[in-house]
Enquirer: 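Provided herewith is a single structure, encoded as C-alpha coordinates, for subsequent inquiry.
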Amino acid sequence: QRRVQGDSIRTREGKMINIPKTRNTFCKDKRCGKHTLHKVTQYKTGKASTVAQGKRRYDRKQRGFGGQTKPVFHKKAKTTKKIVLRLECTKCKAKFFLPIKRTKHFELGQEK
(Lines give C-alpha, C1' and ligand atoms only; values in the text may rest on other atoms or scores of the structure.)
Protein backbone atom coordinates (compact mmCIF):
# COMPACT_ATOMS: atom_id res chain seq x y z
CA GLN A 1 0.00 0.00 0.00
CA ARG A 2 1.21 3.51 -0.83
CA ARG A 3 0.08 6.81 0.63
CA VAL A 4 -0.33 9.83 -1.65
CA GLN A 5 -0.87 13.14 0.17
CA GLY A 6 -3.05 11.70 2.92
CA ASP A 7 -5.29 9.41 0.85
CA SER A 8 -4.79 5.69 1.07
CA ILE A 9 -4.28 4.26 -2.41
CA ARG A 10 -3.73 0.61 -3.25
CA THR A 11 -1.22 0.33 -6.08
CA ARG A 12 -1.99 -3.15 -7.36
CA GLU A 13 -3.68 -3.20 -10.76
CA GLY A 14 -7.26 -4.36 -10.64
CA LYS A 15 -8.06 -2.69 -7.31
CA MET A 16 -10.61 0.12 -7.15
CA ILE A 17 -9.14 3.53 -6.41
CA ASN A 18 -11.47 6.08 -4.87
CA ILE A 19 -10.26 9.69 -4.52
CA PRO A 20 -12.25 12.46 -2.78
CA LYS A 21 -13.47 15.33 -5.00
CA THR A 22 -11.76 17.91 -2.79
CA ARG A 23 -8.39 17.74 -1.09
CA ASN A 24 -6.47 20.06 1.21
CA THR A 25 -2.98 20.26 -0.29
CA PHE A 26 -0.11 22.70 -0.93
CA CYS A 27 -0.69 25.27 -3.69
CA LYS A 28 2.54 25.84 -5.64
CA ASP A 29 1.37 29.12 -7.18
CA LYS A 30 3.14 32.33 -6.10
CA ARG A 31 -0.23 33.89 -5.20
CA CYS A 32 -0.89 31.24 -2.48
CA GLY A 33 2.19 29.25 -1.45
CA LYS A 34 0.31 27.50 1.34
CA HIS A 35 -2.10 24.62 1.97
CA THR A 36 -5.55 25.35 0.53
CA LEU A 37 -8.58 23.37 -0.59
CA HIS A 38 -8.27 22.00 -4.14
CA LYS A 39 -10.94 20.70 -6.49
CA VAL A 40 -9.90 17.30 -7.93
CA THR A 41 -10.81 16.16 -11.47
CA GLN A 42 -9.37 13.52 -13.77
CA TYR A 43 -7.07 14.81 -16.52
CA LYS A 44 -8.13 14.01 -20.06
CA THR A 45 -6.04 14.65 -23.17
CA GLY A 46 -7.38 17.40 -25.41
CA LYS A 47 -8.28 17.07 -29.07
CA ALA A 48 -5.19 16.70 -31.29
CA SER A 49 -4.46 19.87 -33.26
CA THR A 50 -4.49 19.66 -37.06
CA VAL A 51 -2.09 22.61 -37.39
CA ALA A 52 0.74 21.08 -35.29
CA GLN A 53 3.97 20.73 -37.28
CA GLY A 54 4.20 16.95 -36.85
CA LYS A 55 0.61 16.41 -38.01
CA ARG A 56 1.12 18.66 -41.07
CA ARG A 57 4.32 16.78 -41.97
CA TYR A 58 2.61 13.39 -41.51
CA ASP A 59 -0.42 14.40 -43.63
CA ARG A 60 1.85 15.71 -46.42
CA LYS A 61 3.86 12.46 -46.41
CA GLN A 62 0.69 10.31 -46.47
CA ARG A 63 -0.71 12.16 -49.50
CA GLY A 64 -0.91 10.40 -52.87
CA PHE A 65 -0.05 6.80 -53.72
CA GLY A 66 2.37 4.60 -51.78
CA GLY A 67 0.32 3.38 -48.81
CA GLN A 68 1.29 3.82 -45.15
CA THR A 69 4.58 5.75 -44.95
CA LYS A 70 5.29 5.68 -41.20
CA PRO A 71 5.40 2.67 -38.86
CA VAL A 72 2.13 1.80 -37.09
CA PHE A 73 2.70 0.63 -33.51
CA HIS A 74 1.21 -2.84 -32.79
CA LYS A 75 3.25 -4.26 -29.86
CA LYS A 76 1.11 -2.78 -27.07
CA ALA A 77 2.32 -4.14 -23.73
CA LYS A 78 0.48 -2.07 -21.13
CA THR A 79 -3.11 -2.83 -20.13
CA THR A 80 -3.61 0.32 -18.03
CA LYS A 81 -2.70 3.99 -18.12
CA LYS A 82 -1.38 6.05 -15.23
CA ILE A 83 -4.11 8.11 -13.60
CA VAL A 84 -3.42 11.85 -13.60
CA LEU A 85 -5.32 14.13 -11.21
CA ARG A 86 -5.91 17.78 -12.10
CA LEU A 87 -5.94 19.89 -8.94
CA GLU A 88 -7.48 23.38 -9.01
CA CYS A 89 -6.93 25.74 -6.09
CA THR A 90 -10.23 27.18 -4.83
CA LYS A 91 -8.53 30.43 -3.75
CA CYS A 92 -6.32 31.45 -6.71
CA LYS A 93 -7.70 29.07 -9.42
CA ALA A 94 -4.18 27.77 -10.19
CA LYS A 95 -4.17 24.30 -11.78
CA PHE A 96 -1.53 21.60 -11.53
CA PHE A 97 -1.27 17.88 -12.19
CA LEU A 98 -0.58 14.97 -9.85
CA PRO A 99 0.14 11.57 -11.46
CA ILE A 100 -0.76 8.52 -9.36
CA LYS A 101 -0.23 4.80 -9.99
CA ARG A 102 -1.73 2.61 -12.69
CA THR A 103 -5.16 1.11 -12.15
CA LYS A 104 -8.01 -0.34 -14.18
CA HIS A 105 -10.79 0.99 -11.93
CA PHE A 106 -10.75 4.61 -10.79
CA GLU A 107 -13.46 6.88 -9.45
CA LEU A 108 -13.78 10.28 -7.84
CA GLY A 109 -15.67 9.71 -4.61
CA GLN A 110 -17.51 11.69 -1.97
CA GLU A 111 -16.35 14.77 -0.12
CA LYS A 112 -13.83 14.09 2.64
Enquirer: Can you see which heavy atom on V40 is nearest to which on L87, and at what distance?
Expert: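 Shortest heavy-atom separation between V40 and L87 comes out as CG2-CD2, 3.4 Å.
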Enquirer: Could you pull out every donor-acceptor pair under 3.5 Å between side chains of residues 64-71 and any protein atom, sequence neighbours left out?
Expert:
{"unit_1": "Q68", "atom_1": "OE1", "unit_2": "Q62", "atom_2": "NE2", "d": "3.3"}
{"unit_1": "Q68", "atom_1": "NE2", "unit_2": "Y58", "atom_2": "OH", "d": "3.1"}
{"unit_1": "Q68", "atom_1": "NE2", "unit_2": "K70", "atom_2": "O", "d": "3.1"}
{"unit_1": "T69", "atom_1": "OG1", "unit_2": "Q62", "atom_2": "OE1", "d": "2.6"}

Enquirer: Please round to the nearest 0.5 Å and tell me the distance separating atom NZ of K95 and atom NE2 of H38.
Expert: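 Those atoms lie 10.5 Å apart.
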Enquirer: Can you pull the salt bridge (Lys or Arg N to Asp or Glu O under 4.0 Å) pairs that have at least one residue in residues 27-46, sequence neighbours excluded?
Expert: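 Passing the test, one end in residues 27-46: D29-R31.
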Enquirer: In Å and rounded to the nearest 0.5 Å, what is the CZ to CG distance from F96 to L85?
Expert: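 Atom-to-atom, F96:CZ and L85:CG are 10.0 Å apart.
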Enquirer: Other hydrophobic cluster members with V84, side-chain heavy atoms of Ile/Leu/Val/Met/Phe/Trp/Tyr under 4.5 Å, chained?
Expert: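 Noted: V84 shares its cluster with Y43, F97.
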Enquirer: Taking all non-hydrogen atoms of both residues into account, name the closest pair between L37 and T90 and its distance.
Expert: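 Heavy atoms of L37 and T90 come nearest at O-OG1, 2.8 Å.
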Enquirer: What's the spacing between E88 CD and T41 OG1 if we round to 0.5 Å?
Expert: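 Reported value, rounded in 0.5 Å steps: 7.5 Å.
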Enquirer: Checking K55 now: which residues fulfil salt bridge (Lys or Arg N to Asp or Glu O under 4.0 Å) with it, not counting sequence neighbours?
Expert: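 Scan of K55 (salt bridge (Lys or Arg N to Asp or Glu O under 4.0 Å), adjacent residues dropped) gives D59.
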Enquirer: Do any N or O atoms from the side chain of K93 and from the backbone of K91 form a donor-acceptor pair under 3.5 angstrom?
Expert: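 No; zero donor-acceptor contacts below 3.5 Å.
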Enquirer: Going by the rule side-chain contact (heavy atoms from CB on, under 4.5 Å), which residues pair with H74 if we only count those two or more places apart in sequence or in a different chain?
Expert: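 H74 satisfies side-chain contact (heavy atoms from CB on, under 4.5 Å) with V72 only.
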Enquirer: Does anything in residues 71-82 pair up under salt bridge (Lys or Arg N to Asp or Glu O under 4.0 Å), and if so which pairs, sequence neighbours excluded?
Expert: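 Passing the test, one end in residues 71-82: no pairs.
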Enquirer: Holding to side-chain hydrogen bond (donor to acceptor under 3.5 Å, both in side chains), I want the full list of residues that pass it with R56, two or more places apart in sequence or in another chain.
Expert: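 Q53.
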Enquirer: Hey, what do you get for CG (N18) to CG (L108), rounding to the nearest 0.5 Å?
Expert: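 N18 atom CG to L108 atom CG measures 8.0 Å (nearest 0.5 Å).
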